[in-house]
Amino acid sequence: MNRIAVLSSGGDAPGMNAAIRSVVRTGLYHDLEVVGVMRGYAGLIEADFRTMDRNSVSDIIQRGGTVLLSARCDEFMTVEGRQKALRNMQENGIEGLVVIGGDGSFRGAEKINLELGIPAIGIPGTIDNDLAGTDYTIGYDTAMNTILDAINKIRDTATSHERTFVIETMGRDNGFLTVMTGLASGAEAILIPEMEFDLQEICDKLIARQQRGKQHNLILVAEGIAADFQTNPDAKESVAYSIGRIIAERTGQETRVIILGHLQRGGSPTALDRIIASRMGARAVELLLAGQKNKMVGFCDNEIVTHDLSEILNTRKDINMELYSLGHILS
Ligand code: ADP
Ligand code: F6P
């Protein structure tokens, strides 16, 4: 193998740059030529390629986002789109690919392996931490810390004004970010898609706390919870607003709602994200050099591990219910 490519795809995540740097420098260390693909799969289809040298990844290990840019690309979901990508890879002598992204990006990577016949290795990069086969995805640790920083600030004003805050966190259909940051912030309630909850029970708890003299509350809501509580479906607003309205009505407490949104995806990566990104990037290149294909690199029990990509895509990652329960016990 002489020439490999690397791309980032799907939602960006802090630490993707550290992974790109690692792929490039490990590749160069092994005398490979490394090509950067711009805008994920869109760049494969448009042949938007950049030759990467050591300097092209200087000064990026500390930066959030991705220097290769990211995109969601509908054309890659079609056979025609993927055939264009194949032609471009062949014409540019690309013999192996590293894909940094989430589960959608990995479905694309699986097709590159099995349909196009080009070896591709996945590096899990998403703040959602929703991929099986790894304890951490790149960006998850930074996002947790960003959320905690935001919650600390909200707590200051919640305390001063004796208010209840409903705080919505990202995570798509999963509650990983919400459970962990709920535990770490001491939230009064943690609402996630994986667990049914009784809003009246939560309101009763808030009233009981008020009677004991506790005047402020933090309620963490995962963005993916069912819209069963939507009080104004036509407004297409976040369900957190409906929950805030119901809590205010039923408890009489002054309630505010905050959607943390995309600020959760930005920022300089934490040490953990930089380290796992660096280790995963190196392993991905080593796997290509060893003739491997259709694999995902993971981080389990402090070790870098390798899994079959198709197997990972068919495995559901479950929330750690022990931690979820602990959050409730300690609240
Ligand atoms: P993430 O990787 O963060 O989960 P998406 O689900 O948006 O993000 O997927 C990123 C991109 O991966 C999509 O825009 C598309 O180009 C590609 N992709 C997703 N699913 C498939 C699929 N089943 N087949 C081919 N490509 C896919
Ligand atoms: O997958 C990462 C993520 O940030 C999810 O948590 C969120 O649901 C989604 O991406 C938001 O996507 P977009 O940036 O397209 O609004």
Side-chain angles (χ1 to χ4, degrees), residues 6-16 19 37-46 48 64-66 68-86 88 97-116 118 120-134 136-144 146-147 167-181 192-193 220-225 227 236 238-240 259-267 273 294 296 309-310 312-314 316-317:
V6 55
L7 62 80
S8 48
S9 166
D12 65 345
M16 279 184 164
V37 182
M38 303 305 291
R39 295 181 188 78
Y41 294 125
L44 277 187
I45 290 174
E46 292 152 14
D48 194 353
T66 159
L68 294 178
L69 312 185
S70 190
R72 296 200 160 98
C73 173
D74 290 341
E75 202 181 345
F76 199 74
M77 311 282 271
T78 67
V79 176
E80 296 73 30
R82 292 194 292 275
Q83 284 301 317
K84 270 195 217 168
L86 176 61
N88 289 332
L97 180 69
V98 177
V99 172
I100 308 166
D103 65 327
S105 304
F106 282 7
R107 288 190 194 283
E110 186 187 36
K111 292 207 164 89
I112 292 174
N113 281 289
L114 306 181
E115 185 185 301
L116 307 186
I118 304 252
I121 308 292
I123 295 182
T126 164
I127 63 165
D128 299 341
N129 201 34
D130 56 350
L131 281 159
T134 191
Y136 284 86
T137 54
I138 295 170
Y140 177 53
D141 187 57
T142 306
M144 283 196 290
T146 303
I147 294 168
I167 304 167
E168 186 189 284
T169 49
M170 275 188 168
R172 213 182 281 263
D173 305 325
N174 301 284
F176 291 95
L177 278 172
T178 320
V179 166
M180 299 301 267
T181 54
I192 56 170
L220 251 61
V221 176
E223 66 173 348
I225 62 165
K236 292 208 170 22
S238 165
V239 74
I259 314 291
L260 295 182
H262 287 80
L263 76 82
Q264 296 163 91
R265 286 228 303 252
D273 274 330
N294 207 33
M296 181 198 96
L309 191 57
S310 304
I312 291 303
L313 288 172
N314 289 321
R316 219 184 102 83
K317 183 169 183 175

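Computed over heavy atoms, backbone and side chain alike; hydrogens, waters and symmetry mates excluded. Read the numbers this way: they start at 1 and go in the same order the structure lists the ligands and their atoms. As the structure is a computational prediction, the values presented were derived from the model and not from experiment.
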Which one holds for Tyr41 and ligand 1: side chain close, backbone close, both close, or neither close, with close meaning a heavy atom under 4.0 Å?
-> side chain
Would you call Glu223-Arg172 a salt bridge at under 4.0 Å N-O?
->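 Between Arg172 and Glu223 there is no salt bridge, as every charged N stays at least 4.0 Å from the carboxylate O atoms.
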Sidechain N-carboxylate O distance under 4.0 Å for Glu46, Arg39 =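 Salt bridge between Glu46 and Arg39, a charged N being under 4.0 Å from a carboxylate O: no.
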Any nitrogen or oxygen of [X] lying under 3.5 Å from a nitrogen or oxygen in ligand 1? Just yes or no.
| X | answer |
| --- | --- |
| Arg172 | no |
| Cys73 | yes |
| Gly101 | no |
| Arg72 | yes |

What is the nearest protein non-hydrogen atom to [atom], stated with its residue, atom name and distance?
| atom | value |
| --- | --- |
| atom 10 (O) of ligand 2 | Arg265 NH1, 3.1 Å |
| atom 3 (O) of ligand 1 | Gly11 N, 3.3 Å |
| atom 11 (C) of ligand 1 | Ser9 OG, 3.7 Å |
| atom 1 (O) of ligand 2 | Asp128 OD2, 2.7 Å |
| atom 6 (O) of ligand 1 | Gly104 CA, 3.4 Å |
| atom 24 (N) of ligand 1 | Lys111 NZ, 3.1 Å |
| atom 12 (O) of ligand 2 | Arg72 NH1, 3.5 Å |
| atom 8 (O) of ligand 1 | Gly10 CA, 3.4 Å |
| atom 21 (C) of ligand 1 | Met77 SD, 3.2 Å |
| atom 2 (O) of ligand 1 | Ser105 OG, 2.5 Å |

Assess the side chains of [X] and [Y]: does a donor N or O sit below 3.5 Å from an acceptor N or O?
| X | Y | answer |
| --- | --- | --- |
| Glu110 | Ser310 | yes |
| Asn174 | Lys317 | no |
| Ser70 | Ser8 | no |
| Thr66 | Asp12 | no |

Using a strict cut-off of 4.0 Å, indicate which atoms of ligand 2 neighbour a heavy atom of [X].
| X | value |
| --- | --- |
| Gly171 | 6 (O) |
| Glu223 | 5 (C), 6 (O), 7 (C), 8 (O) |
| His262 | 13 (P), 14 (O), 16 (O) |

Would you check whether Asp103 reaches within less than 4.0 Å of ligand 1, judged by its heavy atoms?
->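 It does, in that a heavy atom of Asp103 comes within the 4.0 Å cut-off of ligand 1.
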Ile127 to ligand 2: N or O pair under 3.5 Å?
-> no
I'd like to know if the side chain of [X] reaches the main chain of [Y], judged simply by a donor and an acceptor atom lying under 3.5 Å from each other, with no hydrogens or angles considered.
| X | Y | result |
| --- | --- | --- |
| Asn129 | Phe176 | no |
| Gln264 | Met170 | yes |
| Asp48 | Met38 | no |

Heavy-atom side-chain proximity of Ile123 to Val99 below 4.5 angstrom |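 With C-beta onward as the side chain, the pair stays apart.
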Indicate yes or no: at least one non-hydrogen side-chain atom of Glu168 is less than 4.5 angstrom from one of Leu260.
->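 They are not in side-chain contact.
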Indicate, as side chain, backbone, both or neither, the part of Gln264 found under 4.0 angstrom from ligand 2 when only non-hydrogen atoms are considered.
->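 None of Gln264 does.
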So which of Ile121, Leu116, Ile112 actually passes side-chain contact (heavy atoms from CB on, under 4.5 Å) with Leu97?
-> Ile112
Option from Glu75, Glu80, Gln83, Arg82 for which side-chain contact (heavy atoms from CB on, under 4.5 Å) with Ile45 holds |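 The option that passes is Glu75.
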For ligand 1, which atoms sit closer than 4.0 Å to a heavy atom of Arg107?
->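 Reading through ligand 1 atom by atom, the close ones are 20 (N), 21 (C), 22 (C), 23 (N).
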From Gly108, Ser70, Gly40 - option closest to atom 25 (C) of ligand 1 by heavy atom |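 When every heavy atom of Gly108, Ser70, Gly40 is considered, Gly108 comes closest to atom 25 (C) of ligand 1.
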Can Val221 and Thr169 be said to form a side-chain contact (heavy atoms from CB on, under 4.5 Å), step by step?
-> CA-CA 6 Å; Val221 176; Thr169 49; over 6 Å; no
